[in-house]
Amino acid sequence: MIDRRTDAKRRLPPLPNAVEGNVVTRLPPEPSGFMHIGHALSGLINYLYKEMYGGKVWLRFEDTDPRKVRPEYYDSYRDGYSWVGIRWDHEKNNSDDMELFYRNARRLVEGGKAYACTCGRDEMRRLRSDGIPCDHRSQPPEVNLELWDGMLEGRYSEGEVSLRLVGDMSSTNTTLRDPVIMRVVDAVHPLTGDRYRVWPTYDYAVSIEDAICGITHVLRTSEFMLRDELQNLIRRYLGMSNPTFVEYERFEFEGTPVSRREIRSLIERGLVSGWNDPRLATIASIRRRGILPQALKEFVERYVALTQSRKVYSWDLLYAINRRHVDDLASRMFFVKDPMKLKLDGIGELDVDLPLHPTRNLGNRRLRVTGEFYVPAEDLKTVGEGGRVRLKHLCNFTLKSVTDKLAEGVAELGPPEPGLKVIQWVPVNEAVEVQVLIPGRLFNPDGAFNEESLEIVNGIAERTVNSLEVGSHVQFERFGYCVKDSLPKTFILSHR
RNA sequence: GCUCCGGUAGUAUAGUCCGGUCAAGUAUGCGGGCCUCUCGAGCCCGAGACCCGGGUUCAAAUCCCGGCCGGAGCACCA
């Protein structure tokens, strides 16, 4: 018997209607923009359930709006999902199945479940909103077929004719009010070029695809909730079976925009540097700032709930998990912010080997010391003249004098003296200048842009940091976990 | 405006379906301590919540009604 009060080993809750060995889920990105953390979390949910029960996951691109789809985004999702550790069993694009959508559309028309409508956009919107059917709804099937064939043959231009489902014009669920299922789009598709100009709409394409992919569980965010009924109706007309739906609220993080529109506007206004700005929550951003995929996975298992309540996560929740993962692989190095020069008597020239990690066997780095160091000014000032301090792994010293520019002291090499403040240091002859970018929240709780969202800290680091590869994790002792960035001399703080 | 959905500590959640074992568990954050040659990791202790008002009941976080607050949908986008 498990104590219900402990969730130390918390996992995803059981999936309704799940059959062991046969849970088929899907990753359904629209390749029209960059992948962000919300996609990753949702993708992980779909993947982890498939792993939990055994089954398959599909990667299926929802690319039926040629105007929005861009070729580069297909890869952005493939890369992103792979990076978070998802391995999908099958991959396809909705745009692969145009003939299938056409065939089924014809079946619907023939069966009286769809009709060709020539109402203008505004007219259609008005009637739908009032719940009133238009005359086209009661056209004889021959007329509908004639018009449908005309669409396929290219006799109509965009907006002139569209194929509509016979739904329920008076339903309170407005998605059911005879939605358009096929329409003419005069745009070149990145995958199919100009081969097709009649495209399915989302609900129609998804209904059919979910059925033919054998999806057993649709796990998605709740903006789709009202669509369940419509999609089931389409499948009923077509004699296809329905999946189980599990819908949950979108995942947001405090002070961080999620919508592409918002992000684009920040970029255009120059408030962030681009789609991979470390303050953003795109996959490119969180990778760049050192969030590990394992941390995302653990985050899903520990903190995600498949409920409809609003979720705005605190970044701290993710950081705490990430910190534990990163702690094992981050080399320890010295970085001094607001440095002050310290001259120590009693130390000659010598080479010292310092461990790269306190507990793991990551090896050492060697520093040559001469008696002149950069150390944090603040530490010396708090200790004051006459005070005693420890340079970590090196020596104890007594501070003799401190001015604004220089401090002097007398050192004794040897083991640490209990009770002394232990500080990091960089030999003057081993010093390199670096900057650390500290990303913060982009928006304050009141919604205003946070002018201090990116802090830049300049300081001195030990030369060893030059040998770090871009993307590698390092812990600047007494400062925080950072990632070596591709920008020259730059590190990005992951978190303290 | 119409239609849905939600509201447990600062944050995320467990518990809500099948009312009592919940004077409400966990994680994170916060305060304190231990340990440690880091302000990290690890360990221990502490403070901190059932949106409001009615009702039903011996008993309500859990059921009912009303209110308030929040979110979503209402495209020939997905």
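All heavy atoms count here, side chains included; hydrogens, waters and symmetry mates do not. Proteins get letters first, then strands, A, B, ... in listed order; numbering begins at 1 in each.
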Got a list of protein N/O to nucleotides 6-12 of chain B N/O distances below 3.5 Å?
from: B:U11; atom 1: O3'; to: A:V312; atom 2: O; distance (Å): 3.0
from: B:U11; atom 1: O2'; to: A:S314; atom 2: N; distance (Å): 3.0
from: B:A12; atom 1: OP1; to: A:V312; atom 2: N; distance (Å): 3.1
from: B:A12; atom 1: OP1; to: A:V312; atom 2: O; distance (Å): 3.2
from: B:A12; atom 1: O2'; to: A:Y303; atom 2: O; distance (Å): 2.6

Partner set under ring pair (Phe, Tyr, Trp, His ring centres under 6.0 Å) for A:Y115, not counting sequence neighbours:
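By the ring pair (Phe, Tyr, Trp, His ring centres under 6.0 Å) rule, A:Y115 matches no residue at all.
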
Taking only residues two or more places apart in sequence or in another chain, which ones pass ring pair (Phe, Tyr, Trp, His ring centres under 6.0 Å) with A:H217?
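Once residues adjacent in sequence are excluded, A:H217 has no partner under the ring pair (Phe, Tyr, Trp, His ring centres under 6.0 Å) criterion.
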
Please enumerate all residues that pass side chain to side chain donor-acceptor pair (under 3.5 Å) together with [X], with sequence neighbours excluded.
X: A:H136; answer: A:T118, A:Q139
X: A:S265; answer: A:R269
X: A:N458; answer: none

So what does A:C119 touch, heavy atoms closer than 4.0 Å: a base, only the sugar-phosphate, or nothing?
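Touches a base.
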
One character per nucleotide, please: for nucleotides 61-66 of chain B, 5' to 3', B when the base has a protein heavy atom closer than 4.0 Å, S when only the sugar-phosphate does, - otherwise.
------

Listed partners of A:R332 passing salt bridge (Lys or Arg N to Asp or Glu O under 4.0 Å), at least two apart
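Counting only residues at least two positions away or on another chain, A:R332 forms a salt bridge (Lys or Arg N to Asp or Glu O under 4.0 Å) with A:D327.
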
With sequence neighbours left out, write down each residue that passes salt bridge (Lys or Arg N to Asp or Glu O under 4.0 Å) with A:E249, or none if nothing qualifies.
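Residues passing salt bridge (Lys or Arg N to Asp or Glu O under 4.0 Å) with A:E249: none at all.
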
RNA chain B: stems of at least 3 consecutive Watson-Crick or G-U pairs whose donor-acceptor distances fall under 3.5 Å
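Looking at RNA chain B, the stems formed by three or more consecutive pairs are B:1-7 with B:68-74, B:10-13 with B:25-28, B:30-34 with B:42-46, B:51-55 with B:63-67.
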
Whole-Å distance between B:C37 C1' and A:F397 CZ?
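For the pair A:F397 CZ and B:C37 C1', the rounded distance is 14 Å.
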
Enumerate the protein-to-nucleotides 40-50 of chain B contacts in which both atoms are nitrogen or oxygen and the separation is below 3.5 Å.
from: B:G40; atom 1: O4'; to: A:Q475; atom 2: NE2; distance (Å): 3.4
from: B:G40; atom 1: O2'; to: A:Y481; atom 2: OH; distance (Å): 2.0
from: B:A41; atom 1: OP1; to: A:R323; atom 2: NH1; distance (Å): 3.3

Strictly under 6.0 Å, is that where the ring centroids of A:F34 and A:Y73 end up?
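Yes, close enough.
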
Pairwise N/O distances under 3.5 Å, protein to nucleotides 72-74 of chain B:
from: B:C74; atom 1: OP1; to: A:R227; atom 2: NH2; distance (Å): 3.3
from: B:C74; atom 1: O2'; to: A:T174; atom 2: OG1; distance (Å): 3.4

